[in-house]
Amino acid sequence: MTNDRQLAIAALAARFGDRLSTASAIRDQHGHGESWHPTALPDAVFFAENEAEVSEAVRICADHRLPIVPFGAGTSVEGQVQAMQGGLSIDLSAMKRIIAVRPDDMDCTVEPGVTRVELNEHIRDQGLFFPVDPAGEATFGGMAATRASGTNAVRYGTMKDMVLSLRAVLPDGTILRSGQRAKKSSAGYDLTRLFIGSEGTLGIITELNLKLAGIPEQVSAATCSFPDMESAVRTVVEVLQCGINMSRIEVADEVQLKAINLYCKTNFPEQPMLFLEFAGNAKGVAAEIEIVRDLAQGNGGSDFRWAANEEERRALWHARYMAVASSKLLKPGARGMSTDVCVPISRLVECIAETKADLARCSLPAPLVGHVGDGNFHLYILFDPDDPTETAEAMRISEDLAARAIAMEGTCTGEHGVGLGKRKFMVEELGDPAVAAMRAIKAAIDPHNLMNPGKMLP
Ligand SMILES: Cc1cc2nc3c(=O)[nH]c(=O)nc-3n(C[C@H](O)[C@H](O)[C@H](O)COP(=O)(O)OP(=O)(O)OC[C@H]3O[C@@H](n4cnc5c(N)ncnc54)[C@H](O)[C@@H]3O)c2cc1C
């Protein structure tokens, strides 16, 4: 560690005492997320308790040019929290205040360490919920910073749609407010959305104003099996083209179903399946169910299984949420490389068909699961990182898939973000002028490249 870094760490330790840790286990825990990328350790970890402390710590880092990596829950999957140049990991998970809930405005104000599970527990009695649902432990700071989404995005949108405004500590310690609580605003550049998806490269989000949704009167969930993936995905496209406002519509392939059955001790048919959820008033839900059933049957769908009550509905979605955990059983000890493409819905059948044809020639298990209502799907490619042949094959499948999606006017990342893993596709997807504009924004806000250096921009 350089002398200047030692001085910075000493200054932080003097100010924050034992909330500044250089213990190797703590540094290791903060040097990797849930991704397959190698660990990169920070020099120290600071557990912040409020915005003023974040600002103070950032000022100390800025004075000594010490890199900073914001850290929420570490569930990101593209190498976002690795400290590529060491420095200080600022852990926001203790900033857990739910500052205000305003049922009349259907919004709330939270600190960045609150998780959606915690918020939903807190507001359920008021008939409200927050719909964006990545990994259960993910924090709102991390969710905003990765522009996360999940199973409900087909109806409610992603974090870009659900954040009204935010507060952030800039790389020199200044505190910025991106807007107020109005549902819309034309006041200048959209700084809220600049920070959403910025992956900790522009500043540290310290407070968020979030939109909330009303818990629907009736929610019904079902699964439906199909002879092949094309039939399942064609059903999704037809459902959306009919204008049916599904609350969730997810696909899993036969490999994923096998893993889920193993892990959850369920007995789903091991063939392509849609997970469906309808929400609204009783009459509307009943009518939509009929239309979707007809469309599914027209595409060879069968074995509709309805969740008879709330407990069964939760069990059904629990099985879907366990997709990643269950996949690990298919190749014990393997690492998982997650892909995350998203294409216009009209190209989805083609994109999945080409991907499945590629997988048929591949020796690695790679279950497919997706938020297909948005045109977004993931492979979880299981490989041995110590085996160069397997690593090369996993990389090839992942890169070919990203290139395929971009060629179809889609994206290499629908929701996980760029981190380390998708940097190489930024120019191919966006073009040189857009990437140059991003670099200019980064240089203007963070001239010394202190905030999460080495991420996002190629
Ligand atoms: C099993 C599993 C399922 C998942 N499913 C989904 C899914 O369906 N949809 C989806 O979108 N994602 C999914 N993810 C990915 C992950 O949950 C999301 O990326 C999530 O938004 C990360 O939140 P976090 O709090 O863990 O952030 P972290 O991993 O801690 O950080 C992520 C990035 O945000 C930055 N950051 C964190 N906090 C702040 C802050 N306060 N201010 C500024 N920057 C900050 C970090 O520097 C880093 O760049 C899944 C992950 C797992 C393991």
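When a ligand or atom number is given, it counts from 1 through the structure's own listing order. Side chains included, hydrogens not; waters and symmetry mates left out as well; all remaining heavy atoms used.
Residue-to-ligand polar distances keep Ala145 apart from ligand 1: every N/O pair is separated by 3.5 Å or more. Considering backbone and side-chain N/O atoms, Gly72 comes within less than 3.5 Å of an N/O atom of ligand 1. At under 3.5 Å, not a single nitrogen or oxygen of Val69, backbone or side chain, sits near a nitrogen or oxygen of ligand 1. Geometrically, ligand 1 and Glu34 share no nitrogen or oxygen pair separated by less than 3.5 Å. Geometrically, ligand 1 and Pro70 share a nitrogen or oxygen pair separated by less than 3.5 Å. When only interatomic distances are considered, the shortest N/O to N/O separation between Gly74 and ligand 1 falls below 3.5 Å.
Close approach to Gly200 involves these atoms of ligand 1, each under 4.0 Å from a residue heavy atom: 44 (N). Close approach to Gln80 involves these atoms of ligand 1, each under 4.0 Å from a residue heavy atom: 33 (C), 48 (C), 49 (O). The distance from ligand 1 to the heavy atoms of Ala148 drops below 4.0 Å at these ligand atoms: 11 (O), 21 (O).
For atom 7 (C) of ligand 1, the nearest non-hydrogen atom of the protein is Glu415 OE2, 3.3 Å. Looking from atom 27 (O) of ligand 1 to the surrounding protein, the closest heavy atom is Gly142 CA, 3.4 Å. Nearest to atom 31 (O) of ligand 1 among the protein's heavy atoms is Val81 CG1, 3.6 Å. The protein heavy atom nearest to atom 11 (O) of ligand 1 is Ser149 N, 3.0 Å. The protein heavy atom nearest to atom 49 (O) of ligand 1 is Glu199 O, 3.1 Å. Here the protein heavy atom with the shortest distance to atom 41 (N) of ligand 1 is Ile205 O, 3.0 Å. Here the protein heavy atom with the shortest distance to atom 2 (C) of ligand 1 is Ala135 CB, 3.8 Å. The protein heavy-atom contact nearest to atom 12 (N) of ligand 1 is Pro134 CB, 3.4 Å.
Proximity of Glu390 to Lys331: side-chain heavy atoms (C-beta onward) are separated by under 4.5 Å at one or more points. Arg177 is not listed as a side-chain neighbour of Ser165, based on a closest heavy-atom distance of 4.5 Å or more. No side-chain heavy atom of Pro171 sits less than 4.5 Å from a side-chain heavy atom of Ile68.
Taking every heavy atom of both residues into account, Cys61 and Leu450 meet most closely at O-CD1, 4.5 Å. Minimum interatomic distance between Thr151 and Glu250 (heavy atoms only, all atoms of both residues): CA-OE2, 3.3 Å.
A donor-acceptor pair under 3.5 Å is absent between the side-chain atoms of Thr223 and the main chain of Phe275, judged by distance alone. In this structure, the side chain of Asp253 does not engage the main chain of Pro272 through any donor-acceptor pair within 3.5 Å. Side chain of Asn376 to main chain of Gly370: no donor-acceptor pair is present (N/O by atom type, distance under 3.5 Å, no hydrogens or angles).
Under 4.0 angstrom from ligand 1, the non-hydrogen atoms of His371 all belong to its side chain. Counting heavy atoms closer than 4.0 Å to ligand 1, residue Asn452 contributes side-chain atoms (C-beta onward) but none from N, CA, C or O. Contacts with ligand 1 closer than 4.0 Å are made by side-chain heavy atoms of Thr146 only, the backbone lying farther away.
Distances from atom 29 (O) of ligand 1 to the heavy atoms of Gly33, Gly419, Ser76, Ser93 show the closest one on Ser76. The option with the heavy atom closest to atom 43 (C) of ligand 1, from among Pro112, Ser89, Gly203, is Gly203. Looking at Thr75, Asp91, Thr206, Thr158, it is Thr75 that brings a heavy atom closest to atom 17 (O) of ligand 1.
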Step by step, would you call Phe129 with Tyr156 a ring pair (Phe, Tyr, Trp, His ring centres under 6.0 Å)? CA-CA 11 Å; Phe129 80 113; Tyr156 297 96; 5.5 Å; yes

Tell me, with the steps shown, if Val251 and Leu368 meet side-chain contact (heavy atoms from CB on, under 4.5 Å). CA-CA 8 Å; Val251 80; Leu368 186 156; 4.1 Å; yes

Run Thr192 and Val163 through side-chain contact (heavy atoms from CB on, under 4.5 Å) and show every step you take. CA-CA 8 Å; Thr192 306; Val163 179; 4.0 Å; yes

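Considering NE2 of His371 and CG of Asp133, their distance stands at 7.5 Å, rounded to 0.5 Å. Annotation: the span from Leu420 atom CG to Gln80 atom CD amounts to 8.0 Å, rounded to 0.5 Å. Taken to the nearest 0.5 Å, the CG atom of Leu401 stands 11.0 Å off from the NE2 atom of His378.
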